[in-house]
Amino acid sequence: MKAKLDVVLTATIDHCFKEGLLLRQTLPKYVIEIPNNPDHGHFATNLALVLAKSQKKPPREIANIILNNLIDNQNLIASAEIAGPGFINVMIKSQQWYNILSEIIRLKKQFGRTELGKGQKIVVEFVSANPTGPLHLGHGRGAALGDTLCRILSNCGYDVTREFYINDAGQQIRILGESIYSTFKQINNPDYPFPQNGYHADYIYELAQTVSQMADLDNLPAEESINLCAQKGKELMLNDIKKDLERFRVKFHTWSSEKDIHNNGLLEKTLEALEKKELIYKSDGALWIKTANYGDDKDRVLRKKDGQFTYFASDIAYHLEKRKRGFTGAINLWGADHHGYVPRIQSVLASHGIPENWLSVMLIQLVKLWKGSCEFKMSKRSGHFVTLLELIEEVGIDAARFVFLTKSHDSGLDFDIDMVKKQDSTNPVYYVQYAHARICSIFRKAALEGILMEDNPDNFLGNLVLDEELALIRALAGFPSLLDDICLNLEPHRLTYYLTSVASMFHKYFNLGAKVQEHRIINKDIQLTLARLFLIDGIRTVLSSGLDLLGISAPQKM
RNA sequence: GCGCCUGUAGCUCAGCUGGAUAGAGCGCCGGGCUUCGAACCCGUAGGCCGCAGGUUCGAAUCCUGCCAGGCGCGCCA
C-alpha cells in the first residue's frame with residue numbers, strides 16, 4: 001500500500017513539474033510512514049518539507065500544490081490534508097483495505113512471502129561453537145537469532161545456506177583430550193596431574209566414562225590415549241551440540257570443518273594464491289599477510305615461528321572458499337568478543353576486490369547472567385555455566401526463543417535466572433500464542449453454532465466499519481514490508497514486537513464484545529459475523545506465519 | 001592509550017533509520033467474567049531519552065567533546 005501511495009506521489013510531482021507548478025529537480029529523500037497518532041491519517045509524508053528548501057517556498061504552500069494536483073489513477077485516496085509544518089496526511093479508502101484482507105484470506109500462509117531476495121544466494125554462518133563443551137546461553141541467543149533470520153530470509157526469496165563452522169583444529173581440542181584423559185586417570189589416582197587451562201566440568205567426567213568404555217585407556221600409551229580422547233571427545237561433543245540445536249529447532253545445511261581445511265590442501269592452495277598476489281611476506285621467521293594496506297591496524301601472522309598456522313589463516317581460506325562457492329552475500333553471526341576480527345577479515349576480502357558489503361557481520365553482544373542481584377560468571381574452564389539445554393528444560397523452547405528474539409543483537413542482554421524460571425505465564429510469548437488459540441476457539445464455537453464459512457469474503461468485508469477492525473487490517477497489511485525491512489537491516493527482533501502489537505490489537509478488539517453485544521465476533525447479524533470471522537481468520541494467518549518464522553509454535557488450544 | 005557496542009520508567013528492553021503528545025512487558029495501586037477463552041481487558045502513578053554543545057523547519061535518533069558500563073586490542077584459540 002505504501003508503494004502504491006508512492007506511485008501516486010511521484011506521478012503527482014512529475015505532473016507539477018510539467019505544468020510548471022514546481023521547479024524541476026531530482027527528488028530528495030522523503031519518507032512515507034505510518035503515524036503513531038491515528039488522527040494523522042493512515043500514512044504521512046514529509047515530501048513537502050524536504051522540498052521546501054530547494055523550491056524556495058514554504059512547505060505548506062508546496063503541500064497545497066501537491067494536494068491540488070493529485071494523480072490518483074487507482075483511486076486509493078479517500079482524503080488528504082496538510083498538517084503541522086507541512087506534513088501531508090493521507091487516508092486510504094476502506095475498499096483498498098478490504099482488498100488486502102481478501103488477499104490475505106485467499107493466500108493464507110502464502111501471504112507475507114516476498115521476492116526481495118530473488119536470485120540471491122547467501123550463506124549464514126552462526127553458532128559455530130567449539131566442540132569442547134555443551135552449548136550455553138550465549139550460543140542460544142546466536143542460535144535463535146541466526147535461525148530466525150534464516151527463516152525470514154528464505155521467506156523473502158533468498159536462497160539461504162545455513163552453515164556451522166567447526167573449530168576442530170586448534171589447541172583447544174588437544175586440551176579437551178588432555179582434560180578427559182586426566183579425569184579418567186584421576187578416578188583411580190587422585191594425584192594424577194590435571195592440565196593447566198583444562199576443562200573442569202561434569203560433562204568432562206561423563207566423556208571420560210564414555211570414552212573409557214570405547215577403548216582401553218589404561219593400557220594404551222598416554223599420547224595415544226590423549227589423541228583418542230580428543231578425537232572421541234570432539235565427536236561426542238559435536239553430536240550433543242547437533243542434538244541440542246535440533247531440539248531448539250535449529251538446523252544446518254552444512255557443517256564446515258576447520259580441520260578439513262588443513263587436511264584437504266585448501267590452506268596450501270590459499271597460501272599459494274596469496275603469494276601470487278604478493279600479499280604475504282616473511283619476517284622474524286614467521287609468515288605474514290599484508291592486511292594493513294586494506295584497512296586493518298597492522299599486518300597479521302599466518303604461520304608462526306614454530307611452523308603452526310594461526311586460526312586466522314584457516315579463517316581466510318574458509319572465507320575465500322565461501323566466496324568461490326558462488327554466494328552473492330555472506331552473513332556471519334559472531335559473539336561480540338570477536339569484533340576485532342571484522343576489519344581483519346574484511347581487509348583480506350578487500351585485497352581480493354570483494355566489496356565490503358559482501359560480508360555482513362552481526363555481532364551479538366554477550367549474555368550476562370544474574371541471580372538476584374549477583375552476577376553469575378560463566379566459564380567453560382571452571383565448569384560454571386548454564387547450558388542451553390537447562391534453559392529450555394526450565395522454561396520451554398517457545399519461551400526461551402522468544403526472550404532471545406525480543407532483544408536487538410547489538411545490545412547486551414541481562415538474564416536473571418530467577419526471573420527466567422518464573423517466566424511461565426508472564427512471558428510475552430504466551431500473549432501472542434494466546435491470541436492465536438483464542439481465534440481458533442472462536443472458530444470452534446462458530447462451528448458448534450452451525451455457522452458455515454463462505455468461500456468468497458468480498459461480499460462481506462464491507463461490514464467491517466469499526467475503527468478497531470480497520471486498524472487491524474492495516475496492521476496485517478504491513479506484514480510483508482516488515483519482513484523485507486528485517487532482511488535489509490538484519491533485525492529479526494522486530495518481528496516479535498510486531499506480533500505482540502497485532503495480538504494486543506486483537507485482544508482489545510475481542511474485549512469490546514464483553515461490554516457490547518453487537519461488537520461480539522459471533523453476533524445476531526450473520527453477515528457481520530461472517531465478515532468478522534474473515535477478519536480474525538486473517539489475523540490468525542499472520543500470527544501463525546509470524547510464529548513460524550520465529551520458530552515458535554502456534555497452538556490451537558493452551 | 002586505541003577500537004567496537006551500550007546508556008530511554010523501579011527492573012528487562014523496544015522506538016519503524018530525522019518527524020507531530022517517547023512506548024511495551026514485568027512490578028506497584030485500583031476496576032472489569034451468569035453468554036465468543038480472565039494466559040485477557042480498562043484505568044492511575046512512574047521520564048533532564050547519561051551530560052554539554054552543534055547541525056535544521058524538527059533530534060532519543062545525525063556530528064563533536066566529556067562521563068559511566070561491557071567487550072576487544074598476541075607469532076592464544
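Given the structure is predicted, the values throughout are model-derived calculations rather than measurements. In the text below, chain A, chain B and the rest are named by the order of the sequence lines, each starting its count at 1.
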Under a plain distance cut-off of 3.5 Å, with no hydrogens placed, do [Y] and [X] share a side-chain donor-acceptor pair?
X        : Y        : result
A:Arg141 : A:His409 : no
A:Ser54  : A:Gln25  : yes
A:Asp410 : A:Ser408 : yes

Check: Which of parallel (below 30°), tilted (30 to 60°) and perpendicular (above 60°) describes A:Phe404 and A:Phe415?
Finding: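 The rings of A:Phe404 and A:Phe415 sit tilted, inter-plane angle from 30° to 60°.
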Next item on the list: Fit a plane to each ring of A:Tyr497 and A:His493, take the angle between them on a 0 to 90° scale, and name the class: parallel (under 30°), tilted (30 to 60°) or perpendicular (over 60°).
Entry: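 Perpendicular: the ring planes of A:Tyr497 and A:His493 meet at over 60°.
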Name the nucleic acid region contacted by [X], choosing base, sugar-phosphate or nothing; use a 4.0 angstrom heavy-atom cut-off, strictly under.
X        : answer
A:Ser411 : sugar-phosphate
A:Gln517 : base
A:Asp39  : nothing
A:Ala83  : base
A:Gly412 : sugar-phosphate
A:Lys515 : nothing
A:Ser408 : sugar-phosphate
A:Glu491 : base
A:Ala44  : base
A:Arg174 : nothing
A:Gln556 : base
A:Asn89  : base

Check: protein-nucleotides 72-75 of chain B nitrogen or oxygen pairs below 3.5 Å:
from  : atom 1 : to       : atom 2 : distance (Å)
B:C75 : O2     : A:Lys305 : N      : 2.7
B:C75 : N4     : A:Asp284 : O      : 3.2

Return the nucleotide paired to [N]: Watson-Crick means purine N1 to pyrimidine N3 with N6-O4 or O6-N4, wobble means G-U with N1-O2 and O6-N3, both under 3.5 Å.
N     : value
B:G23 : B:C13
B:G7  : B:C67
B:G58 : none
B:C33 : none
B:C2  : B:G72
B:A39 : none

All N/O contacts under 3.5 Å from nucleotides 55-63 of chain B to the protein, with atom names and distances to one decimal?
none

Contact under 4.0 Å: [X] side-chain N or O vs [N] OP1/OP2:
X        : N     : value
A:Tyr434 : B:A39 : yes
A:Asn489 : B:C16 : no
A:Arg438 : B:A38 : yes
A:Lys508 : B:C42 : yes
A:His519 : B:C36 : no

Using a cutoff of under 3.5 Å, can you pull out all pairs of nitrogen or oxygen atoms linking the protein to nucleotides 44-46 of chain B, with atom names and distances?
none

Notebook entry, point to check: Does any non-hydrogen side-chain atom of A:Leu543 lie less than 4.5 Å from one of A:Val432?
Noted result: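 Yes; the side chains approach each other to less than 4.5 Å.
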Next item on the list: State, yes or no, whether a side-chain contact exists between A:Ile152 and A:Cys487 at a heavy-atom distance under 4.5 Å.
Entry: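 Yes, close enough: below the 4.5 Å cut-off.
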Item checked: B:C66 and B:G74, which share atom name C1', separated by this distance in whole Å ->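 B:G74 and B:C66 have their C1' atoms separated by 32 Å.
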Note to self: I'd like the C1' distance from B:C26 over to B:A14, given in whole Å.
What the structure shows: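 So the two C1' atoms sit 14 Å from each other.
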Take atom [atom1] of [X] and atom [atom2] of [N], then tell me their distance rounded to the nearest Å.
X        : N     : atom1 : atom2 : result
A:Leu413 : B:G70 : CG    : P     : 16 Å
A:Gln365 : B:G3  : CD    : C1'   : 13 Å
A:Leu490 : B:U17 : CG    : P     : 15 Å
A:Leu495 : B:A14 : CG    : C1'   : 14 Å
A:Asn523 : B:C36 : CG    : C1'   : 10 Å
A:Leu512 : B:C42 : CG    : C1'   : 11 Å
A:Tyr498 : B:A24 : OH    : P     : 19 Å
A:Phe402 : B:C26 : CZ    : P     : 12 Å

Item checked: side chain to side chain contact (heavy atoms under 4.5 Å, CB included) evaluation trace for A:Phe309 with A:His262 -> CA-CA 9 Å; A:Phe309 285 106; A:His262 286 267; 4.0 Å; yes
Margin query: If the glycosidic angle sits within 90 degrees of zero it is syn, else anti. Tell me which applies to B:U17.
Written below: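 Glycosidic conformation of B:U17: syn.
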Do the side chains of [X] and [Y] get close enough for a salt bridge, i.e. N-O under 4.0 angstrom?
X        : Y        : result
A:Arg532 : A:Glu469 : yes
A:Arg300 : A:Asp296 : yes
A:Asp485 : A:Arg494 : yes

Note to self: On the side chain of A:Asp414, is there an atom forming a donor-acceptor pair with the base of B:U12 - under 3.5 Å, no angle test?
What the structure shows: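 Check fails, no donor-acceptor contact within cut-off.
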Check: Between A:Asn130 and A:Ala437, who's closer to the 5' end of RNA chain B by nearest nucleotide?
Finding: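 On the 5' side of the pair lies A:Ala437.
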Next item on the list: Using the closest heavy atom to pick a nucleotide of RNA chain B for each, name whichever of A:Met558 or A:Pro35 lands nearer the 5' end.
Entry: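 Result: A:Pro35.
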Next item on the list: Compare the aromatic ring of A:Phe87 with the six-membered base ring of B:A20 and state whether they stack according to the 5.5 Å and 30° rule.
Entry: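 Yes.
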Margin query: Tell me whether the ring of A:Phe510 lies stacked over the B:C36 base, given a 5.5 Å limit on centroids and a 30° limit on the plane angle.
Written below: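 Here A:Phe510 meets both the 5.5 Å and the 30° conditions.
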Notebook entry, point to check: Which of the following nucleotides, B:G25, B:A14, B:G32, is nearest to the side chain of A:Asn511?
Noted result: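 So the side chain of A:Asn511 is nearest to B:G32.
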Next item on the list: Go through B:A20, B:C13, B:A77 for me and flag the one nearest to the A:His40 side chain.
Entry: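 So the side chain of A:His40 is nearest to B:A20.
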Margin query: Just to verify, which of A:Gln172, A:Glu178, A:Gln171 counts as forming a side chain to side chain donor-acceptor pair (under 3.5 Å) with A:Arg174?
Written below: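 Answer to the side chain to side chain donor-acceptor pair (under 3.5 Å) test with A:Arg174 among A:Gln172, A:Glu178, A:Gln171: A:Glu178.
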Notebook entry, point to check: Would a line drawn from the ring center of A:Tyr318 to the ring center of A:Phe312 be shorter than 6.0 Å?
Noted result: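 Aromatic pair excluded; centres sit 6.0 Å or further apart.
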Check: Aromatic ring centroids of A:His507 and A:Tyr434 under 6.0 Å?
Finding: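 They qualify: ring centres under 6.0 Å apart.
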Note to self: Check whether A:Tyr294 forms a cation-pi arrangement with A:Arg344 (NZ or CZ under 6.0 Å from the six-membered ring centre, at most 45° off the ring normal).
What the structure shows: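 Output no; distance or angle outside limits.
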Check: Going through the distances and angles, do A:Phe194 and A:His200 end up as a ring-ring contact (aromatic ring centres under 6.0 Å, His included)?
Finding: CA-CA 9 Å; A:Phe194 198 81; A:His200 291 274; 4.3 Å; yes
